[in-house]
Number of protein chains: 2
Amino acid sequence: MRNVLRKKSGVSAPEGGGEVILGPGVTPPVPKSSYELRILQSIRRIIRAVEIHSHKLAQEHEITGPQLGCLLALAKGGPLTITHLARMVYQSPSTVVGIVDRLADKGLAVRQRGSKDRRLVQVCVTEAGEALIANAPSPLQETLAESLKNLPELEQVSITLALEKVVDMMEARKIEAPPVL
Amino acid sequence: MRNVLRKKSGVSAPEGGGEVILGPGVTPPVPKSSYELRILQSIRRIIRAVEIHSHKLAQEHEITGPQLGCLLALAKGGPLTITHLARMVYQSPSTVVGIVDRLADKGLAVRQRGSKDRRLVQVCVTEAGEALIANAPSPLQETLAESLKNLPELEQVSITLALEKVVDMMEARKIEAPPVL
DNA sequence: CTCAAATAATTCGTATCCGAACAATTAGAA
DNA sequence: TTCTAATTGTTCGGATACGAATTATTTGAG
């Protein structure tokens with residue numbers, strides 16, 4: 001049930017409308033640097049687009065985006081350990097475990113304990129997995145891939161570099177300032 | 001237990017190599033446009049950075065990224081319905097319901113049934129919520145915000161436009177080709 | 001007026017995601 | 001050799017995140 005509403009109902013609707021008129025005291029937004037805001041918003045929209053695409057993939061191809069990503073990494077990089085695979089797809093090992101589970105359930109990949117070091121687990125693609133890859137869609141929106149190709153190369157470069165710059169800034173460790181001298 | 005390994009062990013590694021030889025019908029690797037690959041990778045890394053940042057937020061400020069995002073949208077846009085809020089933060093209504101649940105559990109926001117149209121639910125920020133916002137961190141990496149500010153404006157513009165271009169390409173509807181007869 | 005269609009929020013099922021904690025195994029120091 | 005430390009994979013808990021189905025409510029056609 002979740003007892004929607006009902007408690008804390010002490011706050012009654014002040015006035016009737018569905019339309020909300022902003023009150024006076026609302027802080028003037030101060031759009032940060034404006035660029036920051038637009039970048040934040042773009043990132044959120046990109047994340048959403050990726051997830052929606054993944055859901056469509058799941059419906060049409062029996063595989064999700066992250067699963068396809070791992071499968072492709074395995075196909076390209078040969079048998080990989082969980083940790084190594086996680087590093088390839090930029091995800092936490094604990095996340096990859098679940099993805100490999102589902103890949104294995106579907107018979108697209110298999111696990112093999114290392115014979116030398118029994119802690120290691122080698123994951124590799126099965127024939128079914130390679131068959132799926134053969135006529136699988138792009139892990140990214142087709143529309144993005146197409147639109148990108150139709151752009152002048154100069155702009156492709158520009159976009160690529162801009163994204164990588166954002167990555168650098170986001171992943172930058174905030175360790176500095178030890179001596180401060 | 002999850003019976004790790006052990007079943008389906010019939011598929012033994014065919015040969016030692018990590019290199020995978022593609023079959024005949026398989027499209028030659030063609031590293032896509034290379035740019036596409038780099039963009040895909042950057043996007044994945046950005047998503048991961050956002051998630052890691054959200055976890056840190058949760059530890060240090062008792063609020064996650066998506067929750068903070070919704071709270072800020074509510075503070076800026078006044079009381080909003082679930083659907084409207086979802087549209088503001090670019091998320092599905094079903095997702096926003098859960099986020100508002102947690103926001104309400106923490107006393108940072110409240111729900112109010114519309115008095116006119118009882119289907120509507122107005123969500124608004126409590127005083128505690130506004131207090132949190134007052135000295136809350138950025139929903140995005142501090143390091144990104146700082147690094148961005150230290151960039152020449154020309155580059156800020158370039159990055160902003162590049163990201164928005166990517167969004168456009170990803171969100172582009174693939175509707176055309178209706179008759180095809 | 002009456003009932004079907006439309007709308008809003010919610011629930012449900014599934015899949016990501018992460019860090020922390022844990023078990024198994026190996027390597028290295030005493 | 002023995003026991004501790006490190007490494008690897010896994011599990012666990014919590015939070016997103018989506019679409020599909022459900023419920024409550026309103027609107028509109030007949």
Side-chain angles (χ1 to χ4, degrees), chain A residues 1-6 18 44-45 47-60 62-70 80-87 89-106 111-123, chain B residues 1-5 44-45 47-60 62-70 80-87 89-106 111-123:
Chain A
M1 176 59 89
R2 203 198 278 251
N3 64 20
V4 185
L5 251 324
R6 216 161 319 267
R44 177 56 217 147
R45 290 171 79 170
I47 292 177
R48 177 169 165 88
V50 166
E51 280 165 353
I52 290 177
H53 176 64
S54 176
H55 275 272
K56 281 189 186 148
L57 267 185
Q59 292 178 317
E60 300 167 8
E62 293 289 327
I63 194 169
T64 66
Q67 287 168 23
L68 182 55
C70 284
L80 292 171
T81 66
I82 295 284
T83 304
H84 205 2
L85 174 56
R87 211 143 12 196
V89 296
Y90 294 101
Q91 270 161 355
S92 162
S94 56
T95 300
V96 171
V97 165
I99 293 175
V100 170
D101 281 348
R102 281 164 222 116
L103 246 26
D105 285 347
K106 288 189 254 199
R111 271 185 248 241
Q112 292 172 192
R113 274 284 170 198
S115 49
K116 197 178 182 91
D117 187 338
R118 291 193 45 69
R119 288 172 302 182
L120 302 193
V121 165
Q122 302 285 336
V123 186
Chain B
M1 175 60 84
R2 204 199 275 255
N3 62 21
V4 185
L5 249 327
R44 178 55 215 146
R45 291 172 77 172
I47 292 177
R48 177 168 165 89
V50 166
E51 280 166 353
I52 289 177
H53 176 63
S54 177
H55 275 272
K56 282 191 184 143
L57 266 186
Q59 292 178 316
E60 300 168 7
E62 293 289 328
I63 194 170
T64 66
Q67 286 167 24
L68 182 55
C70 283
L80 293 170
T81 65
I82 295 283
T83 304
H84 205 2
L85 174 57
R87 208 141 17 193
V89 295
Y90 294 102
Q91 270 162 353
S92 162
S94 56
T95 300
V96 171
V97 165
I99 294 175
V100 169
D101 281 349
R102 282 163 223 118
L103 246 27
D105 285 347
K106 289 189 254 197
R111 270 185 248 242
Q112 294 173 191
R113 273 289 170 196
S115 49
K116 200 180 180 90
D117 187 337
R118 292 192 44 71
R119 287 172 303 182
L120 302 191
V121 166
Q122 302 285 337
V123 186

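Side-chain atoms are counted along with the backbone in the values below, which use heavy atoms only and exclude waters and symmetry mates.
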Asks: Remember a base hit wins even if backbone is also touched, and classify A:Thr95 as base, sugar-phosphate or nothing at under 4.0 Å, heavy atoms.
Replies: base
Asks: Can you tell me how far the CD atom of B:Glu60 sits from the CD atom of B:Glu62, to the nearest 0.5 Å?
Replies: 11.0 Å
Asks: Rounding to a whole Å, what distance do you find between A:Leu57:CG and C:dT16:C1'?
Replies: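 A:Leu57 atom CG is separated from C:dT16 atom C1' by 14 Å.
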Asks: Compare the minimum distances between each of D:dT26, C:dT16, D:dA15 and the side chain of A:Gln67, then state the nucleotide with the smallest one.
Replies: C:dT16
Asks: To the nearest 0.5 Å, what is the distance between NE2 (A:His84) and CZ (A:Arg87)?
Replies: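 It comes to 7.0 Å.
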Asks: Kindly compute the distance separating CD1 (A:Ile63) from CZ (A:Arg102), expressed to the nearest 0.5 Å.
Replies: 11.5 Å
Asks: Base, sugar-phosphate alone, or nothing: which one does B:Ile99 contact when heavy atoms must sit under 4.0 Å apart?
Replies: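 Since only primed, P, OP1 and OP2 atoms lie under 4.0 Å of B:Ile99, the category is sugar-phosphate.
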Asks: Return the value, rounded to whole Å, for the distance between atom CD of B:Gln59 and atom P of C:dA21.
Replies: 10 Å
Asks: Nearest 0.5 Å, what's the OG1-CZ distance between B:Thr81 and B:Arg119?
Replies: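 The CZ atom of B:Arg119 is 11.5 Å from OG1 of B:Thr81, to the nearest 0.5 Å.
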Asks: Rounded to whole angstrom units, what separation is found between the CZ atom of A:Arg48 and the P atom of C:dT16?
Replies: 18 Å
Asks: Could you tell me how far apart A:His55 (NE2) and D:dT16 (C1') are, to the nearest whole angstrom?
Replies: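 Interatomic distance, NE2 of A:His55 to C1' of D:dT16: 11 Å.
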Asks: Under 4.0 Å, heavy atoms only, any strand: does A:Ser94 hit a base, just the sugar-phosphate, or nothing?
Replies: base
Asks: Find the distance A:Gln91:CD to D:dT16:P and express it as a whole number of Å.
Replies: 18 Å
Asks: Between C:dT16, D:dA17, D:dG19, which nucleotide gets closest to the side-chain atoms of B:Pro66?
Replies: D:dA17
Asks: Between A:Ser54 and C:dT16, is there a contact of a side-chain N or O with OP1 or OP2 at under 4.0 Å?
Replies: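 It does not, given that no N or O in the side chain of A:Ser54 lies less than 4.0 Å from OP1 or OP2 of C:dT16.
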Asks: Nearest-Å distance, NZ (B:Lys106) to P (D:dG14)?
Replies: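 After rounding, the gap between these two atoms is 13 Å.
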Asks: Which is more 5' along DNA chain C, the nucleotide nearest B:His84 or the one nearest B:Glu51? Just name the residue.
Replies: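 The residue closer to the strand's 5' end, by nearest nucleotide, is B:His84.
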Asks: Rounded to whole Å, how long is the line connecting atom CZ of A:Arg45 with atom C1' of D:dA17?
Replies: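 It is 18 Å, rounded to the nearest whole Å.
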Asks: Can you tell me how far the OG1 atom of A:Thr95 sits from the CD1 atom of A:Ile82, to the nearest 0.5 Å?
Replies: 11.0 Å
Asks: Toward the 5' end of DNA chain D, which comes first, A:Leu120 or B:Tyr90, by nearest nucleotide?
Replies: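 Of the two residues, A:Leu120 wins.
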Asks: Looking at D:dT10, C:dT11, C:dA15, which one has an atom nearest to any side-chain atom of A:Val97?
Replies: D:dT10
Asks: Taking the nucleotide of DNA chain C with the closest heavy atom to each, which residue, A:Arg102 or A:Ser115, is nearer the 5' end?
Replies: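 Upstream on the strand: A:Arg102.
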Asks: Do A:Arg119 and D:dT7 have a side chain to base donor-acceptor pair shorter than 3.5 Å?
Replies: yes
Asks: For A:Lys116, report the nucleic acid contact type (base, sugar-phosphate, nothing); a contact means any heavy atom under 4.0 Å.
Replies: sugar-phosphate
Asks: Applying side chain to side chain contact (heavy atoms under 4.5 Å, CB included), can you list everything that pairs with A:Ala58, at least two apart in sequence or on another chain?
Replies: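 Partners of A:Ala58 under the side chain to side chain contact (heavy atoms under 4.5 Å, CB included) test: A:Thr64.
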Asks: Applying a 4.0 Å non-hydrogen cut-off, can you work out what A:Thr81 is touching in the nucleic acid: base, sugar-phosphate, or nothing?
Replies: sugar-phosphate
Asks: Starting at atom CZ of A:Arg44, determine the distance to atom P of D:dT16, rounded to an integer number of angstrom.
Replies: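 After rounding, the reported distance stands at 11 Å.
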